[in-house]
Amino acid sequence: MKSNKKICLLMLATILSLIMLFMVIYCHSQKQTNDEEKNIIVNVVLTDGSSKEISISTKERYLGKALISEKIIEGKMRTYGLFIEKVNGISANENKKEWWCLTKSGEVVTSSVDMTPIYDGDTFELTLTVGW
């Protein structure tokens with residue numbers, strides 16, 4: 001019985017060590033953003049397919065702060081970060097199941113807008129989307 005507990009504890013310790021190792025490798029492999037001037041593009045896309053390209057020069061490290069300081073977005077802090085409610089004066093209508101989808105070069109961004117790092121030359125899209 002004691003040997004089974006030792007084996008289980010050893011396996012648990014090994015698994016936890018591997019998880020920690022992968023987390024360290026992941027964190028070190030990520031590009032680091034900086035306080036230097038960055039030029040980014042934000043495309044605002046509406047449900048009718050029309051779009052507007054906005055060029056931004058900023059020293060902000062994260063997209064949310066850059067968009068708020070340029071008065072491009074408005075939103076509220078929620079459990080998982082800033083929830084975008086309005087882009088360029090256009091509100092998402094929750095009754096119609098509308099929401100603003102954030103993508104980077106066409107790929108869905110999995111972090112909230114306030115936790116999305118920006119780098120010089122990035123292109124983002126804010127698309128008014130219908131349906132959960």
Side-chain angles (χ1 to χ4, degrees):
M1 187 68 88
K2 286 185 179 181
S3 106
N4 283 343
K5 283 185 178 180
K6 286 182 182 179
I7 291 173
C8 286
L9 287 174
L10 182 60
M11 288 177 55
L12 181 61
T14 303
I15 290 170
L16 290 174
S17 296
L18 286 172
I19 290 171
M20 294 289 287
L21 176 65
F22 287 126
M23 288 175 60
V24 168
I25 291 171
Y26 175 78
C27 289
H28 285 291
S29 67
Q30 297 299 305
K31 292 193 301 185
Q32 297 297 312
T33 187
N34 57 45
D35 292 328
E36 294 176 8
E37 190 78 20
K38 295 173 252 334
N39 296 300
I40 63 171
I41 294 173
V42 177
N43 289 304
V44 178
V45 183
L46 302 179
T47 54
D48 64 4
S50 63
S51 65
K52 179 179 181 180
E53 182 177 291
I54 303 169
S55 297
I56 300 172
S57 291
T58 184
K59 288 187 176 184
E60 295 290 350
R61 291 177 175 236
Y62 295 94
L63 184 60
K65 282 190 174 186
L67 296 177
I68 290 170
S69 68
E70 294 289 324
K71 297 182 178 18
I72 294 170
I73 66 168
E74 295 177 32
K76 290 185 181 168
M77 286 304 290
R78 300 231 174 129
T79 304
Y80 299 106
L82 182 67
F83 181 77
I84 301 171
E85 296 176 325
K86 189 183 284 190
V87 176
N88 253 14
I90 301 168
S91 296
N93 185 336
E94 287 189 46
N95 294 329
K96 294 180 180 179
K97 297 183 181 178
E98 292 179 340
W99 57 284
W100 289 100
C101 179
L102 173 62
T103 54
K104 180 178 178 180
S105 300
E107 299 290 324
V108 175
V109 175
T110 57
S111 58
S112 65
V113 69
D114 56 317
M115 296 301 293
T116 301
I118 54 177
Y119 306 97
D120 190 45
D122 280 349
T123 299
F124 294 94
E125 302 83 27
L126 287 167
T127 305
L128 186 58
T129 305
V130 179
W132 314 124

With a 4.5 Å cut-off on side-chain heavy atoms, are [Y] and [X] touching?
X: Y80; Y: R78; value: no
X: F124; Y: V113; value: no
X: S111; Y: T116; value: yes
X: V109; Y: L63; value: no
X: I118; Y: I56; value: no
X: I54; Y: I41; value: no

Output the distance between atom [atom1] ([X]) and atom [atom2] ([Y]), rounded to the nearest 0.5 Å.
X: I84; Y: W99; atom1: CD1; atom2: CH2; value: 10.0 Å
X: L128; Y: S91; atom1: CG; atom2: OG; value: 9.5 Å
X: T129; Y: K97; atom1: OG1; atom2: NZ; value: 14.0 Å
X: L46; Y: L126; atom1: CG; atom2: CG; value: 10.5 Å
X: L102; Y: E125; atom1: CG; atom2: CD; value: 8.0 Å
X: K86; Y: K76; atom1: NZ; atom2: NZ; value: 11.0 Å

Check your understanding: Is the shortest distance from a Lys or Arg side-chain nitrogen in K38 or D122 to a carboxylate oxygen in the other one below 4.0 Å?
Key -> no

Check your understanding: Counting heavy atoms not belonging to E36, are there more than 12 under 6.0 Å from its CD?
Key -> no

Exercise for review: Please check if atom CE in M11 has more than 12 non-hydrogen atoms from other residues, nucleotides or ligands closer than 6.0 Å.
Suggested key: no

Exercise for review: For S57 and E70, work out which heavy atoms get closest and say how close.
Suggested key: O-OE2, 4.3 Å

Check your understanding: Nearest heavy-atom pair of G81 and S112: which atoms, and what distance?
Key -> CA-OG, 3.8 Å

Point to revise | Name of the residue among T103, I40, N43 meeting side chain to side chain contact (heavy atoms under 4.5 Å, CB included) with T123 | key: N43

Exercise for review: Please check if L82 and Y62 belong to a single hydrophobic cluster, counting links between Ile, Leu, Val, Met, Phe, Trp and Tyr side chain heavy atoms closer than 4.5 Å.
Suggested key: no

Exercise for review: Please answer: with hydrophobic residues joined when any side-chain heavy atoms are less than 4.5 Å apart, are V87 and F83 in the same cluster?
Suggested key: no

Flag, side chain of [X] to backbone of [Y], donor-acceptor distance under 3.5 Å:
X: N88; Y: I90; answer: no
X: S69; Y: K65; answer: yes
X: D120; Y: N39; answer: yes
X: E98; Y: A92; answer: no

